[in-house]
Amino acid sequence: QVQLVESGGGLVQAGGSLRLSCAASGRTFSSSAMAWFRQAPGKERDFVAGISRSGGNTYYKDSVKGRFTISRDNAKNTVYLQMNSLKPEDTAVYYCGASKPWSYVSMASASYDYWGQGTQVTVSS
């Protein structure tokens with residue numbers, strides 16, 4: 001039983017930065033892999049970045065490598081996505097997901113049992 005709340009989205013110009021936060025409640029947070037997905041209008045939900053239970057392993061969609069950084073602070077029950085050098089194609093609703101306890105990071109949305117409500121990121125050209 002995990003509840004997730006995203007924040008930090010907004011409107012920025014191309015080349016700008018945003019930092020998304022996902023605050024979690026529930027005692028399973030530290031035993032769950034976490035990930036960020038995004039969904040643009042008319043598109044399927046797409047994996048962006050994932051992080052292992054302890055934060056020791058991270059994974060990224062190819063198009064965001066070198067620009068986005070995922071991190072977690074288990075003491076604060078929070079996962080972050082730092083987004084730099086934003087591009088118009090990054091525009092989407094960004095969702096935070098939590099896996100089943102003890103599961104590994106996956107790029108498949110079906111691997112995540114809990115989701116936040118999403119936060120809108122819009123990048124203007």
Side-chain angles (χ1 to χ4, degrees):
Q1 187 176 9
V2 177
Q3 293 177 311
L4 307 173
V5 179
E6 301 98 333
S7 62
L11 173 64
V12 297
Q13 293 185 355
S17 297
L18 285 173
R19 186 184 188 230
L20 306 184
S21 297
C22 175
S25 62
R27 66 189 305 272
T28 62
F29 177 81
S30 63
S31 60
S32 296
M34 302 292 294
W36 288 95
F37 286 72
R38 66 189 183 188
Q39 188 167 23
K43 305 292 185 179
E44 294 185 349
R45 191 168 297 188
D46 189 28
F47 175 85
V48 177
I51 189 165
S52 60
R53 295 182 297 276
S54 65
N57 299 100
T58 57
Y59 307 88
Y60 298 93
K61 177 182 177 69
D62 285 346
S63 63
V64 308
K65 288 179 179 177
R67 300 189 297 119
F68 291 9
T69 302
I70 188 171
S71 61
R72 69 189 296 164
D73 186 339
N74 287 349
K76 297 181 179 179
N77 283 1
T78 302
V79 62
Y80 305 95
L81 186 67
Q82 178 67 47
M83 305 186 294
N84 299 325
S85 301
L86 283 162
K87 304 175 180 179
E89 53 262 43
D90 296 319
T91 295
V93 177
Y94 283 70
Y95 296 92
C96 175
S99 75
K100 296 179 177 66
W102 311 113
S103 294
Y104 295 105
V105 176
S106 172
M107 293 186 290
S109 61
S111 296
Y112 299 88
D113 281 355
Y114 304 96
W115 297 93
Q117 82 289 348
T119 185
Q120 177 70 48
V121 172
T122 303
V123 184
S124 63
S125 59

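When reading the values below, keep in mind they use all heavy atoms of this one structure, side chains included, and skip hydrogens, waters and symmetry mates.
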[X] to [Y] - nearest heavy-atom pair and separation:
| X | Y | result |
| --- | --- | --- |
| Val48 | Phe68 | CG1-CD2, 3.7 Å |
| Ser125 | Pro88 | CB-CG, 4.0 Å |
| Met34 | Cys22 | CE-SG, 4.4 Å |
| Ala108 | Ser106 | N-OG, 3.0 Å |
| Ala24 | Leu4 | CB-CD2, 3.5 Å |
| Leu86 | Arg67 | CA-NH1, 3.9 Å |

Would you give the length of the straight line joining atom [atom1] of [X] to atom [atom2] of [Y], rounded to the nearest 0.5 angstrom?
| X | Y | atom1 | atom2 | value |
| --- | --- | --- | --- | --- |
| Asn74 | Ser31 | CG | OG | 9.0 Å |
| Arg38 | Glu44 | CZ | CD | 14.5 Å |
| Arg72 | Arg53 | CZ | CZ | 9.0 Å |
| Ile70 | Asn57 | CD1 | CG | 12.0 Å |

Study note, to complete from the structure: ring-ring contact (aromatic ring centres under 6.0 Å, His included) pairs touching residues 31-53, sequence neighbours excluded, are Phe37-Phe47, Phe37-Tyr112, Phe37-Trp115
Backbone of [Y] reached by a side-chain donor or acceptor of [X] within 3.5 Å:
| X | Y | result |
| --- | --- | --- |
| Thr119 | Tyr94 | no |
| Glu6 | Cys96 | yes |
| Gln3 | Ser25 | no |
| Tyr59 | Ser52 | no |
| Ser32 | Ser99 | yes |
| Gln13 | Val123 | no |

Practice item. Would you check if Val105 and Ile51 make a side-chain contact, meaning some heavy-atom pair closer than 4.5 Å? Key: no
Practice item. Go through the steps for Met83 and Thr69 under the test side chain to side chain contact (heavy atoms under 4.5 Å, CB included), then give the verdict. Key: CA-CA 7 Å; Met83 305 186 294; Thr69 302; over 6 Å; no
Check your understanding: With a 3.5 Å cut-off and no angle check, do the side chains of Gln120 and Thr122 form a donor-acceptor pair?
Key -> yes
Exercise for review: Using the side chain to side chain contact (heavy atoms under 4.5 Å, CB included) rule, take Gln39 and Asp46 through it: C-alpha gap first, then chi angles, then the decisive distance, then the call.
Suggested key: CA-CA 6 Å; Gln39 188 167 23; Asp46 189 28; over 6 Å; no
**Study point:** salt bridge (Lys or Arg N to Asp or Glu O under 4.0 Å) involving Asp113 - partner list, sequence neighbours excluded
**Key:** Lys100
Exercise for review: Test salt bridge (charged side-chain N to carboxylate O under 4.0 Å, His left out) on Lys65 and Asp62 and set out the steps.
Suggested key: CA-CA 5 Å; Lys65 288 179 179 177; Asp62 285 346; 3.0 Å; yes
Only distances under 3.5 Å count here; give the side-chain donor-acceptor pairs of residues 75-82 to other protein atoms, sequence neighbours excluded, each with its distance to 0.1 Å.
{"from": "Thr78", "atom 1": "OG1", "to": "Lys76", "atom 2": "O", "distance (Å)": "2.9"}
{"from": "Gln82", "atom 1": "NE2", "to": "Asn84", "atom 2": "OD1", "distance (Å)": "3.0"}

